[in-house]
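Throughout, protein chains are lettered first and strands after them, A, B, ... in sequence-line order, and every chain is numbered starting at 1.
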Protein chains: 2
Amino acid sequence: MQKKQTATIYDVASRVGVSLATVSRVVNGNSNVRESTKRKVLDAIEALGYHPNAVARGLASKKTTTIGVVMPDVTDMYYSELARGIDDVANMYHYDVLLTNTDEDPVRETMAVNNLASKQVDGIIFMGNELDREILNTIAAVDAPVVLAGSLDEEGILPSVNIDYVAAVKEATELLIRNKHDRVALVTGPMVHAINKHHRLVGYQAGLEAANIAFDDSLLFATHQDYSAGLQVAEKIFAAQATAAVVYDDEVALGIMNYMRDHGKSVPEDFEIITSNDTKFAIVTRPELTSIGQPKYDIGAVAMRMLTKLMNNEVVDDMQVQLPHTFEKRGTTINPQP
Amino acid sequence: MQKKQTATIYDVASRVGVSLATVSRVVNGNSNVRESTKRKVLDAIEALGYHPNAVARGLASKKTTTIGVVMPDVTDMYYSELARGIDDVANMYHYDVLLTNTDEDPVRETMAVNNLASKQVDGIIFMGNELDREILNTIAAVDAPVVLAGSLDEEGILPSVNIDYVAAVKEATELLIRNKHDRVALVTGPMVHAINKHHRLVGYQAGLEAANIAFDDSLLFATHQDYSAGLQVAEKIFAAQATAAVVYDDEVALGIMNYMRDHGKSVPEDFEIITSNDTKFAIVTRPELTSIGQPKYDIGAVAMRMLTKLMNNEVVDDMQVQLPHTFEKRGTTINPQP
DNA sequence: ACACAATTTGCAAACGCTTACAATGACTAA
DNA sequence: TTAGTCATTGTAAGCGTTTGCAAATTGTGT
């Protein structure tokens with residue numbers, strides 16, 4: 001692979017007979033350049049096929065027009081839809097995206113953030129549940145704004161974009177209770193995560209309480225986020241004699257649904273399910289999954305938009321944004337005819 | 001956000017009382033440093049919390065330890081699994097990944113490649129079907145190796161990693177024919193794409209020919225790659241009186257399956273389906289989808305590994321790698337009992 | 001024609017690091 | 001000793017831009 005000699009700003013400057021500064025100005029759309037010389041510079045750029053070297057530019061200007069995204073797993077539908085929202089508005093504002101998968105491993109999350117920092121990203125969007133002290137500290141140490149998307153820190157201090165998980169889970173629970181269930185299971189991730197402990201569980205309990213049903217922690221199930229985990233936890237749910245479940249992840253919900261059906265329960269007649277992420281998985285099965293409707297793309301998009309403001313030191317009125325959620329009533333719940 | 005004063009290599013050099021060069025050497029693991037001074041430098045680095053500035057490093061060394069990945073859509077399971085394979089081995093070799101979604105739009109693909117080039121990435125992995133002249137040209141003009149993952153250029157010239165699509169589709173077609181179908185539909189993407197025209201179609205026709213069945217182009221269907229497209233094309237397939245289909249995408253296959261079942265056909269008894277990507281979608285439904293088994297993660301991983309070699313100017317014996325595929329016989333085909 | 005204000009340009013110093021190449025010092029063998 | 005070798009360290013020239021400031025050019029009103 002022979003080195004293709006790429007033209008530098010110097011080449012175009014000398015070709016036109018102006019200084020570096022002038023070329024730099026026209027490249028950056030600076031106003032103070034006479035129309036005629038601008039014309040000539042542009043021609044030279046065209047002729048030489050000059051492309052500004054972003055690395056040099058980054059060093060000189062201390063801006064890389066690159067943001068970092070750290071997420072658990074691109075392969076997870078929920079997060080990849082957030083990522084898409086992020087990427088689209090990042091592009092809109094001419095930022096590139098440096099992507100890192102962490103599998104929610106705190107060590108890798110910390111490394112990722114530090115690595116992004118040393119790459120001098122202008123900002124970071126962080127997704128992941130495990131926001132422990134150490135990560136919070138390394139985030140605090142980073143000289144670039146960070147916003148959480150679809151994630152929450154314990155203190156609720158970092159800029160973030162989410163839905164109102166408490167309300168959403170409460171409503172889901174209530175809906176199931178209204179359908180005559182008194183043993184509604186809650187399936188979430190590990191209780192060490194703020195989002196589960198302080199939001200989903202709280203919403204669930206609020207729903208119970210509103211209906212005067214005593215909280216029974218044998219109806220609480222923690223899994224990790226995939227289909228086979230759903231299959232596994234379903235067995236326990238079955239054993240616990242629950243007749244309905246609020247589930248935090250679509251793949252897990254699918255696992256539960258399939259297990260139930262494989263074991264002679266029909267869904268929704270014998271067992272009702274409400275899932276939470278409303279990804280493509282929810283509408284691709286029969287029955288389709290009833291779900292809390294999350295504006296996933298928008299969560300990503302809004303988070304990224306917020307980040308652009310932070311990077312420009314613009315004022316952001318609301319640092320903890322809650323986007324509205326909906327309910328998508330489909331086939332895993334018994335829905336009253338309108 | 002007050003500027004956190006970050007330490008530079010100069011700071012640690014002067015603290016220890018050595019030159020920049022020496023610090024640079026220890027940071028880069030260069031051997032020629034006395035153990036004792038190395039110790040001192042390391043201590044100073046620790047004390048100052050020094051992190052090398054990757055941008056400056058990139059400018060000086062002309063290596064960014066960053067690669068670019070251009071893909072149609074992170075949200076597409078097939079590609080995101082490739083991306084995961086890429087990312088994991090990229091990390092393994094200490095490369096970061098700059099990710100771009102293109103939605104297969106040639107204009108955006110071209111822009112993406114150029115943009116990555118100006119960011120001075122050390123290499124690029126390209127995914128997408130629409131490898132037309134223009135993109136090929138811009139790829140050729142880039143001063144960094146490019147490898148295709150799960151994608152093919154018309155001429156088969158670029159380094160790439162794939163499966164043998166011709167053989168896979170041929171086998172799938174034959175399997176269906178063996179199950180007594182004489183009207184097997186082929187559902188792919190647009191015929192302007194090399195992978196459809198020169199591989200899938202060819203494999204399909206070969207399968208037909210082997211069974212002495214005349215090719216009927218009314219059994220050829222082109223769709224785009226999503227669930228609703230499957231729903232739509234299913235109607236035409238139904239009308240064309242096909243009784244089985246080889247489908248190139250899992251979401252599309254799901255659309256077809258659901259349409260058929262919603263219209264009184266049972267799968268696989270009345271209509272058999274073989275899909276091609278074997279993503280999570282395939283095992284999450286009832287019945288589960290029979291699929292060509294693609295080592296998606298490995299395609300990404302191998303492509304990335306190949307790229308690392310290219311970036312190091314190592315010799316690569318095989319520039320067009322074909323990984324082995326399998327058949328995952330599941331519920332959408334009638335499988336002989338062993 | 002002249003002083004003065006804009007408007008355009010150029011100069012040159014960063015930005016933080018890598019890397020030939022040169023220099024120093026210590027050690028070895030004769 | 002003394003030249004000759006290594007091992008270790010330092011010097012300084014880039015890498016390709018941006019940008020504050022000064023200089024040059026042009027235009028304006030009288």
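Judged as a side chain to side chain donor-acceptor pair (under 3.5 Å), and not counting sequence neighbours, the contacts of Tyr297(A) are Asp88(A). Legend: residues meeting side chain to side chain donor-acceptor pair (under 3.5 Å) with Asp105(A), ordered by chain and number and at least two apart, are absent. For Lys119(A), the salt bridge (Lys or Arg N to Asp or Glu O under 4.0 Å) partners at least two apart in sequence or on another chain are Asp96(B).
For the OP1/OP2 pair of dT18(C) and a distance below 4.0 Å, the side-chain nitrogens and oxygens of Asn28(B) include at least one atom meeting the criterion. Checking the phosphate oxygens (OP1, OP2) of dT17(D), a side-chain nitrogen or oxygen of Tyr50(A) falls inside 4.0 Å.
To the nearest angstrom, P of dC15(D) lies 19 Å from CG of Asn53(B). Separating the NZ atom of Lys119(B) from the P atom of dC15(D) is a distance of 22 Å, rounded to the nearest angstrom. Straight-line distance from the OH atom of Tyr10(B) to the P atom of dC17(C): 13 Å, rounded to whole Å. Nucleotide dC15(C) holds its C1' atom 19 Å from the NE2 atom of His51(B), rounded to whole Å. Put simply, CZ on Arg57(A) is 14 Å from C1' on dT19(D), counting in whole angstrom units. Between Leu59(A) atom CG and dA13(C) atom P the separation is 17 Å, expressed in whole Å. With rounding to whole Å, Lys62(A) atom NZ is found 15 Å from dG16(D) atom C1'.
Contacts classified as salt bridge (charged side-chain N to carboxylate O under 4.0 Å, His left out) and involving residues 149-160 of chain B (residues at least two apart or in different chains) are given here: Arg133(B)-Glu155(B), Glu154(B)-Lys197(B). Each salt bridge (charged side-chain N to carboxylate O under 4.0 Å, His left out) pair with one or both residues in residues 295-305 of chain B, not counting sequence neighbours, appears once here: Glu81(B)-Lys296(B). Sorted by first then second residue, the salt bridge (charged side-chain N to carboxylate O under 4.0 Å, His left out) pairs that include residues 309-318 of chain A, not counting sequence neighbours, number zero.
Nearest nucleotide to the side chain of Ser61(A), out of dC15(C), dT19(D), dT17(D): dT19(D).
Recorded end-axis angle for the helix from dA1(C)-dT30(D) to dA30(C)-dT1(D) stands at 40°, based on five pairs per end and rounded to 10 degrees.
Side-chain N/O atoms of Ser24(B) and Asn28(B) include a donor and acceptor closer than 3.5 Å. Counting only N and O atoms by type, the side chains of Asn115(B) and Arg108(B) include no donor and acceptor under 3.5 Å apart.
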Could you list the donor-acceptor pairs under 3.5 angstrom formed by side chains in residues 38-49 of chain B, with sequence neighbours left out?
unit_1   : atom_1 : unit_2   : atom_2 : d
Arg39(B) : NH2    : Asp43(B) : OD1    : 3.3

Heteroatom pairs (N/O) under 3.5 angstrom, protein to nucleotides 9-14 of chain D:
unit_1  : atom_1 : unit_2   : atom_2 : d
dT9(D)  : OP2    : Arg34(B) : N      : 2.9
dT9(D)  : OP2    : Thr37(B) : OG1    : 3.2
dG10(D) : OP2    : Ser19(B) : N      : 2.8
dG10(D) : OP2    : Ser19(B) : OG     : 3.2
dG10(D) : OP2    : Thr22(B) : OG1    : 2.9
dG10(D) : O6     : Arg25(B) : NH2    : 2.5

